[in-house]
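Whatever order the structure lists them in is the order used to number ligands and atoms, beginning at 1. Every heavy atom of this structure was used, including side-chain atoms; hydrogens, water molecules and symmetry mates were not.
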Amino acid sequence: MFKLTEHPHRRFNPLTREWVLVSPNRTERPWQGQVERVAAPDQPAYDPGCYLCPGNPRAGGAKNPQYTSTFVFENDFAALRPDTPDGNWNQDGLLVAEAEPGLCRVVCFSPRHDLTVAKMEHPELRTVVNTWVEQYVELGARPAIQYVQIFENRGEMMGCSNPHPHGQIWCNRSLPNEIAREQASQLAYLEEKRGCLLCSYLALERGSGARIVCENEWFTVLVPFWALWPFETMLIAKRHLTAIDQMHDAEREGLADILGRITRRYENLFDVSFPYSFGFHQRPTDGGEHAEWHLHAHFLPPLLRSATVRKFMVGYELLAMPQRDITAETAAERLRTLSETIA
Ligand SMILES: [Zn+2]
Ligand SMILES: [Zn+2]
Ligand SMILES: [Zn+2]
């Protein structure tokens, strides 16, 4: 019988129904690859050249107000627009396209240019959580919006050149690929097992503890059994909530708490302002009840062994299937040993 800690194997992701190749011990191989520049430390609290700082002009011509908390605005160079003309394109079922109306917003988490989620105080994170809920409710109520994707891209390595703490909200009329995939899996599980996929999964993980990173009363952070990225984690609501609008006050507190704790662990992992993509997955806003959906978020960080060595998804990963070297259990153990305060 193969051992998860020793032998190459593949693991199944029940949310996407895809497999990931796991090759333990392969990190020992010599490395001659790209060394990433470590991000410049010490940002100023206010940067006159930043298009997100209070009072500054943006590239589109608008000027930011002197905001003192969170600040939301429509993206000046939006990938999705509400005024998109409708229509379909179909040639023999092979050349298929359809109009995609939507909306893109930017959420500044703080007026302070030099902060990150990891450096923000609990009350500030609590305000960000409230803003996300308000946006989800407001945008989701629009008939043309079926899905509200709340996310953050952090760090130059992730293609985000502005260090000002901010996230984005993209809304679509159609379900994005990842959401459609996870929805189909959760729905099939609910119909087959008469239960929730992620409630069952979370119970298994909490029983074993091997992949748990940290928890509070309302949320658990773990390295999923099927993680692709070296230090990928999932943040899962302990109660069966279908979306963030179902959180009561204590859960909102709990979410702000756990976000601060996991991002500070990440900062301490390689002693660097940690790059990642983060985003919620939750109930579509098409008016359905969607009992199959279980609120969770994904942290997808690209770093592998140090602040300067990143994981690339290339070659075999792009052409065949994703592959990882350190196991999810080893990654979780590493994250568990880290402090939740930044020195
Ligand atoms: Zn700024
Ligand atoms: Zn559930
Ligand atoms: Zn998900």
> Centres of the H294 and H296 rings: under 6.0 Å?
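No, the ring centres sit 6.0 Å or more apart.
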> Check this for me, if you would: do R126 and E253 make a salt bridge, where the nitrogen-to-carboxylate-oxygen distance has to be below 4.0 angstrom?
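Result for this pair is yes, salt bridge flagged.
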> With the Zn ion (ligand 3) at the apex, how many degrees lie between NE2 of H298 and OE1 of E182, rounded to 10 degrees?
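Between NE2 of H298 and OE1 of E182, at the Zn ion (ligand 3), the angle is about 160°.
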> Among the N, O or S atoms that H113 has, which is closest to the Zn ion (ligand 1)?
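Output for this pair reads ND1.
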> Do F274 and Y276 have ring centroids that are under 6.0 Å from one another?
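For Y276 and F274, the ring centres are not under 6.0 Å apart.
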> What's the atom name of the N, O or S in H164 nearest to the Zn ion (ligand 1)?
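Distance check against the Zn ion (ligand 1) picks out ND1 in H164.
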> Ion pair present between R264 and E267, side-chain N to carboxylate O less than 4.0 angstrom?
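Salt bridge flag = no for E267 with R264.
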> With 2.8 Å as the threshold, which protein atoms of type N, O or S lie near the Zn ion (ligand 2)? Leave waters out.
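Under 2.8 Å from the Zn ion (ligand 2) - ignoring waters, which are not counted - the protein N, O or S atoms are C196 SG, C199 SG, H240 ND1, H294 ND1.
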> State whether R283 and D245 are salt-bridged, where the test is any N-O pair (Lys NZ or Arg NE/NH1/NH2 against Asp/Glu carboxylate O) under 4.0 Å.
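So R283 pairs with D245 through a salt bridge.
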> Can you tell me the angle formed at the Zn ion (ligand 1) by SG of C53 and SG of C50, to 10°?
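The two atoms subtend 110° at the Zn ion (ligand 1).
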> What I want to find out is whether R173 reaches D86 closely enough, with some N-O distance under 4.0 Å, to be called a salt bridge.
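Looking at R173 and D86, the cut-off is met.
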> Taking only Lys NZ, Arg NE, NH1 and NH2, and the carboxylate oxygens of Asp or Glu, determine whether E134 and R105 approach each other closer than 4.0 Å.
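So E134 does not pair with R105 through a salt bridge.
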> Is any side-chain N of the basic residue among K311 and E317 closer than 4.0 Å to the acidic one's carboxylate O?
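Yes, charged N to carboxylate O under 4.0 Å.
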> Hey, which N, O or S atom on H281 ends up closest to the Zn ion (ligand 3)?
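Atom name of the closest N, O or S in H281: ND1.
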